[in-house]
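The next block holds one structure in the form of C-alpha cells; read it before the comments.
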Amino acid sequence: MVYQTDMLNSACTVSLQELKKNCSNCNLKDLCMPVGLKPEELERLDKLVSLRRKLLKGEHLFRTGEHFNSLFAVKTGTFKTLVNNQDGSDQVIGFQMTGELLGLDGLGTGQHMCEAIALEDSEVCTIPYSRLDELAQEFHALQMHFHRIMSREIVKDQNAMLLLGSMRAEQRLSAFLLNLTERQKARGFSSREMVLRMTREEIGSYLGMKIETVSRTFSKLQKDQLIKIDQKNLTIMNHTLLQNLATGKTQ
C-alpha cells in the first residue's frame, strides 16, 4: 500500500490567541501557555506549535520503525496505538482522545516503537521535538510543564497495566469504561454518555479478552442496568455500582 499521508495532510498557521481558545481543554495548553513566560517567549512557542495535521479514519499518524521527530497533541478525534507481535498479530496498547499526546514512545530510541491510527477523522497539532527541546532548555517553566506531561503519561500507562492483572472480565471492562468517561469529563464533556470509537475487537485486544467475552460482558453490564449500550453509544446508568464492580467492592 502506498503511504500517501502527506497528500492528505493540511497545515495552517494559527495565532496564539486562537491556540489559547481552541486548546484550553488539551495538553497543548501546557506547551503554548505555560505560566511565567514573557510575551516574546510566548511568540516563539506560537511559532513552534503552528502545524496542524488532519487524518482520515484508518490513516496512520506514524508507523513502527519510523524516525521520531515530533510529538502530537490530539486536537480532535480519537486514536489507537498498537504494537506488532512476533506472530504477526497486532496488540492494542492504548486509546488516545482529544487533549492527549502521541509520540512519546520514540523518545528513547529515536524511532517509533508502536504505530498510531485514527479511529475517526481527526486532527493533531505537530510539535517538532528538537525545537521543543531547545526551547525547554531556555525556558525553565516550559521544561517543568513538559516533565509534568511525561509524568502524567507514565502514570496513565501504569494504571492501564492494572487492567491486565488479576481482574475478572467484568472488572476489566468496567474499569476501562470508567477511565474513558473520566478522561472525557476532564476535558469538559459528559461523564455519563460517550461514543465508543473503538470496536469490540479492539477493546478485547487492549484488555486481553476475546471478542466473544467482550460482547458477553457488555450484555451482562447492560442486563444489570449498570450501562446502556446502543451500538457505539454508551450511557453510564449507575456510576456507583459500576465503580464498585471495577474496584472489586461488595455491592
Side-chain angles (χ1 to χ4, degrees), residues 1 3 5 27 55-74 77-122 124 149-184 194-221 229 231-232 234 246:
M1 180 174 64
Y3 188 49
T5 301
N27 276 338
L55 298 99
L56 301 177
K57 179 180 179 180
E59 185 180 354
H60 281 76
L61 177 60
F62 53 78
R63 298 173 185 265
T64 303
E66 284 187 357
H67 179 67
F68 164 77
N69 51 37
S70 298
L71 297 175
F72 305 94
V74 182
T78 313
F79 289 80
K80 68 175 178 180
T81 46
L82 53 88
V83 294
N84 307 117
N85 296 321
Q86 293 182 347
D87 61 5
S89 62
D90 294 328
Q91 173 72 47
V92 177
I93 59 172
F95 299 102
Q96 294 75 29
M97 62 176 63
T98 300
E100 297 180 339
L101 286 179
L102 285 159
L104 289 171
D105 61 290
L107 282 173
T109 64
Q111 291 184 324
H112 287 292
M113 306 304 293
C114 65
E115 53 188 271
I117 303 174
L119 293 178
E120 58 181 318
D121 291 353
S122 304
V124 299
I149 291 173
M150 294 183 65
S151 177
R152 285 201 297 266
E153 292 300 313
I154 292 172
V155 171
K156 185 178 71 175
D157 290 342
Q158 290 175 339
N159 290 337
M161 289 303 297
L162 294 176
L163 294 176
L164 303 179
S166 58
M167 285 185 172
R168 296 179 292 108
E170 291 181 20
Q171 286 181 285
R172 293 188 189 189
L173 185 57
S174 298
F176 171 71
L177 297 178
L178 288 171
N179 176 264
L180 289 181
T181 56
E182 287 168 2
R183 286 155 64 189
Q184 181 173 269
M194 72 177 305
V195 178
L196 295 175
R197 300 299 181 183
M198 61 289 296
T199 65
R200 301 291 192 270
E201 183 177 7
E202 289 165 340
I203 293 174
S205 176
Y206 178 65
L207 297 178
M209 297 163 54
K210 295 181 179 180
I211 185 172
E212 295 83 1
T213 304
V214 174
S215 297
R216 185 169 59 251
T217 307
F218 264 116
S219 297
K220 177 65 164 56
L221 295 179
I229 188 77
Q231 296 183 349
K232 289 183 174 293
L234 170 76

Practice item. Taking the side chain as every heavy atom from C-beta outward, state whether Leu107 and Phe68 have any pair of such atoms under 4.5 Å apart. Key: yes
**Study point:** Gln231, CD atom: more than 12 neighbouring heavy atoms under 6.0 Å
**Key:** no
Check your understanding: Quick one: CG on Asn69 to CZ on Phe62, what's the gap to the nearest 0.5 Å?
Key -> 11.0 Å
Point to revise | Close side-chain approach of Asp90 and Asn85, heavy atoms under 4.5 Å | key: no
Practice item. Drop me the distance from Leu119's CG to Arg197's CZ, to the nearest 0.5 angstrom. Key: 9.5 Å
Exercise for review: First locate atom CG of Leu178, then atom CZ of Arg183, and finally report the distance between them rounded to the nearest 0.5 Å.
Suggested key: 12.5 Å
Revision key, fill the gap. In terms of heavy-atom contacts, His112 and Asp105 come closest through CA-OD2, 3.2 Å
**Study point:** Any residue meeting side-chain hydrogen bond (donor to acceptor under 3.5 Å, both in side chains) with Gln111, in chain and number order, not counting sequence neighbours
**Key:** none
Review point. Is the gap between the ring centers of Tyr206 and Phe95 under 6.0 Å?
Key: yes
Check your understanding: Do you know which two heavy atoms are closest between Glu115 and Arg63, and how far apart they sit?
Key -> CB-CA, 3.8 Å
Revision key, fill the gap. Correct closest heavy-atom pair for Cys114 and Val83 would be CB-CG1, 3.8 Å
Check your understanding: Between Thr217 and Glu170, is any side-chain donor less than 3.5 angstrom from a side-chain acceptor?
Key -> no
Study note, to complete from the structure: Minimal heavy-atom distance between Met97 and Leu180, with the atoms involved, is CE-O, 3.8 Å
**Study point:** Electrostatic pair Lys57:Glu120 at N-O distance under 4.0 angstrom
**Key:** no
Check your understanding: Is there side-chain contact between Leu102 and Leu61, with at least one heavy-atom pair below 4.5 Å?
Key -> yes
**Study point:** Gln96-Thr81 side chain donor-acceptor pair, cut-off 3.5 Å
**Key:** yes
Review point. Got Phe218 and Leu196 here, is their nearest side-chain heavy-atom distance under 4.5 Å?
Key: yes
Exercise for review: Let me see the working for His60 and Glu66 under side chain to side chain contact (heavy atoms under 4.5 Å, CB included), right down to the final yes or no.
Suggested key: CA-CA 11 Å; His60 281 76; Glu66 284 187 357; over 6 Å; no
Review point. How many angstroms lie between atom CD1 of Ile211 and atom CD of Glu202, to the nearest 0.5 angstrom?
Key: 9.5 Å
Check your understanding: Considering all heavy atoms of both residues, which atom of Ala246 and which atom of Ala175 are nearest to each other, and what is their separation?
Key -> CB-N, 3.7 Å
Check your understanding: Does the pair Ile203 and Leu173 meet the rule for a side chain to side chain contact (heavy atoms under 4.5 Å, CB included), with working shown?
Key -> CA-CA 9 Å; Ile203 293 174; Leu173 185 57; 4.1 Å; yes
Practice item. Might you work through the side chain to side chain contact (heavy atoms under 4.5 Å, CB included) test for Leu207 and Val214, ending with a clear yes or no? Key: CA-CA 9 Å; Leu207 297 178; Val214 174; 5.7 Å; no
Revision key, fill the gap. Interatomic distance, CG@Leu177 vs CE@Met194, rounded to 0.5 Å, equals 8.5 Å
**Study point:** Closest approach of Leu82 to Val92 (non-hydrogen atoms, all atoms of both residues)
**Key:** CB-CA, 3.9 Å
Exercise for review: Flag yes if more than 12 heavy atoms outside Lys232 fall under 6.0 Å of its NZ atom; otherwise flag no.
Suggested key: yes
Study note, to complete from the structure: Rounding to 0.5 Å, atoms CD (Glu59) and CZ (Phe79) come to a distance of 8.5 Å
